[in-house]
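Here is the structure we will look at, set down as structure tokens.
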Number of protein chains: 2
Amino acid sequence: MTKKTTTPIPCSQHDHKKCKKNALQRARQVCQKNKVRLTPIREKVLELIWQSHKPLGAYDILGMLSTEGQTAAPPTVYRALDFLLAQGLVHRIASQNAFIGCSLSSHPHVSQFLLCRDCGVAIEIEAPAITDAIAENAHQYGFSIDQNTIEISGLCQCCQQ
Amino acid sequence: MTKKTTTPIPCSQHDHKKCKKNALQRARQVCQKNKVRLTPIREKVLELIWQSHKPLGAYDILGMLSTEGQTAAPPTVYRALDFLLAQGLVHRIASQNAFIGCSLSSHPHVSQFLLCRDCGVAIEIEAPAITDAIAENAHQYGFSIDQNTIEISGLCQCCQQ
DNA sequence: AAATTAATGTTATAATGTATCAAATTTTAC
DNA sequence: GTAAAATTTGATACATTATAACATTAATTT
Ligand SMILES: [Zn+2]
Ligand SMILES: [Zn+2]
Ligand SMILES: [Zn+2]
Ligand SMILES: [Zn+2]
């Protein structure tokens with residue numbers, strides 16, 4: 001039996017080093033299970049994304065990669081991101097043209113985020129009530145769902161004080 | 001008492017000329033009420049957006065504007081779009097970097113769309129169940145909502161045959 | 001080891017969006 | 001009615017985000 005992952009609200013104090021370490025370990029497991037390779041570049045990009053809970057732009061990542069000695073061009077980053085997206089290890093935040101590490105990569109789920117406009121934090125939520133309400137509504141239109149983009153912008157608890 | 005707006009499923013046959021005419025009329029009313037000006041450029045952009053129920057990119061609009069004799073530069077279109085967004089006359093579809101006419105501009109609502117990946121149609125829905133489920137969930141996190149991006153991609157009824 | 005596939009490097013370019021300042025138009029104030 | 005102020009539009013340049021195309025390297029399979 002696997003230990004339940006307690007998901008801290010990322011804008012508040014938490015052991016982020018652990019947060020990140022867990023994410024990278026999950027990533028290795030996922031890649032092993034999917035029989036795909038988490039190459040050094042891909043892992044590095046994932047690690048950079050996990051440096052915070054704020055979505056990063058591709059060119060932010062590119063900049064970070066480059067300052068670390070390595071030289072990189074846009075396709076390098078976009079390829080790594082495409083890979084990580086395909087494996088469900090990161091999500092794309094369409095409203096920000098940015099990317100965020102997935103907190104729930106160990107099981108299937110749809111992309112649902114609360115996005116703080118002040119501190120920038122992205123809180124990944126798993127809300128069956130939302131998913132169900134959407135499924136129900138889509139069904140009424142005879143619409144079959146592929147993918148959800150649920151991005152709720154506002155102020156997180158910490159930023160309302 | 002105002003007549004109830006019957007919203008046809010836009011991928012199926014419907015009187016789109018009427019659809020468009022109604023939208024433009026609503027736009028004039030909204031602008032009058034908000035004491036803002038629906039200038040010729042703004043109206044033209046709105047009209048172009050309403051030529052179909054498929055979201056249009058800013059540069060698509062720009063191209064259409066230019067082929068119609070007028071000469072236009074990107075800021076012209078983006079300004080018009082910003083205006084129309086501010087007045088709630090169009091919505092931005094973040095997952096497509098595109099813009100679509102609002103079918104519900106006569107009353108307050110959040111942005112919720114079903115997007116067909118085959119025919120490209122955007123169906124604006126008004127689903128209190130979704131809105132409520134989101135509000136409930138946000139509340140649990142102490143998150144106060146500004147804006148929703150609800151974009152459900154899949155296949156519309158017509159494209160499943 | 002050779003052949004095949006997958007991943008990365010490299011260059012160029014496409015697509016989307018904004019900053020800035022000048023000119024014209026509309027609105028407001030007198 | 002006219003001058004001043006504010007809004008809107010024109011025009012140029014540029015910033016940001018993303019992809020196409022092809023060469024090279026590395027890993028996997030036969
Ligand atoms: Zn953390
Ligand atoms: Zn996730
Ligand atoms: Zn129509
Ligand atoms: Zn709407």
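Numbered from 1 within each chain, the chains take letters A, B, ... in sequence-line order.
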| For B:Trp50, does its backbone N or O pair with a side-chain atom of B:His16 as donor and acceptor, under 3.5 Å? | yes
| On DNA chain C, which is the earliest and which the latest nucleotide, 5' to 3', with an atom closer than 4.0 Å to a heavy atom of chain A? | C:dA7 to C:dT11
| request: Note the angle between the end axes of the helix from C:dA1-D:dT30 to C:dC30-D:dG1, five pairs defining each, rounded to 10 degrees. | output: 30°
| query | Does OP1 or OP2 of D:dT9 have a side-chain N or O of B:Thr39 closer than 4.0 Å? | reply | yes
| Taking DNA chain D as the partner, which of residues 83-90 of chain B come within under 4.0 angstrom of it by heavy atom? | none
| query | Just by distance, with hydrogens left out, do A:Gln112 and A:Thr131 show a side-chain donor and acceptor under 3.5 Å apart? | reply | yes
| Do B:Leu56 and B:Val90 sit in the same hydrophobic cluster, where Ile, Leu, Val, Met, Phe, Trp and Tyr count as joined when their side-chain heavy atoms come under 4.5 Å apart? | yes
| task | To the nearest 0.5 Å, tell me how far B:Asp15 CG sits from B:Lys20 NZ. | result | 12.0 Å
| request: Give a yes or no on whether A:Ile130 and A:Leu115 share a hydrophobic cluster (residues Ile, Leu, Val, Met, Phe, Trp, Tyr; joining criterion: side-chain heavy atoms under 4.5 Å apart). | output: no
| task | Output the distance between atom OG (A:Ser105) and atom CD (A:Gln25), rounded to the nearest 0.5 Å. | result | 11.0 Å
| When rounded to the nearest 0.5 angstrom, what is the spacing between OG in A:Ser103 and CD1 in A:Ile125? | 11.5 Å
| task | Look at the rings of B:His109 and B:His107 and say which category their plane angle falls in: under 30° parallel, 30 to 60° tilted, over 60° perpendicular. | result | tilted
| message | Could you check whether any side-chain N or O of B:Arg26 sits under 3.5 Å from a backbone N or O of B:Cys102, counting only pairs where one atom can act as donor and the other as acceptor? | response | yes
| task | Classify every nucleotide of nucleotides 18-30 of chain D by which part a protein heavy atom approaches to under 4.0 Å, writing B for the base, S for the sugar-phosphate alone and - for neither, in 5'-to-3' order. | result | BBBB-----SS--
| Where at least one partner belongs to residues 129-156 of chain B, residue pairs that pass salt bridge (Lys or Arg N to Asp or Glu O under 4.0 Å), sequence neighbours excluded | A:Arg117-B:Asp146
Identify all side-chain donor-acceptor contacts of residues 74-85 of chain B below 3.5 Å with residues at least two apart in sequence or on another chain.
{"unit_1": "B:Thr76", "atom_1": "OG1", "unit_2": "B:Ala73", "atom_2": "O", "d": "3.4"}

| request: Hey, could you give me the CD1/CG distance between A:Ile41 and A:Leu65, rounded to the nearest 0.5 Å? | output: 7.5 Å
| Just wondering, are more than 12 heavy atoms of other shown residues or ligands nearer than 6.0 Å to CD in B:Gln160? | yes
| D:dA11 C1' sits how many Å from B:Ile41 CD1, rounded? | 13 Å
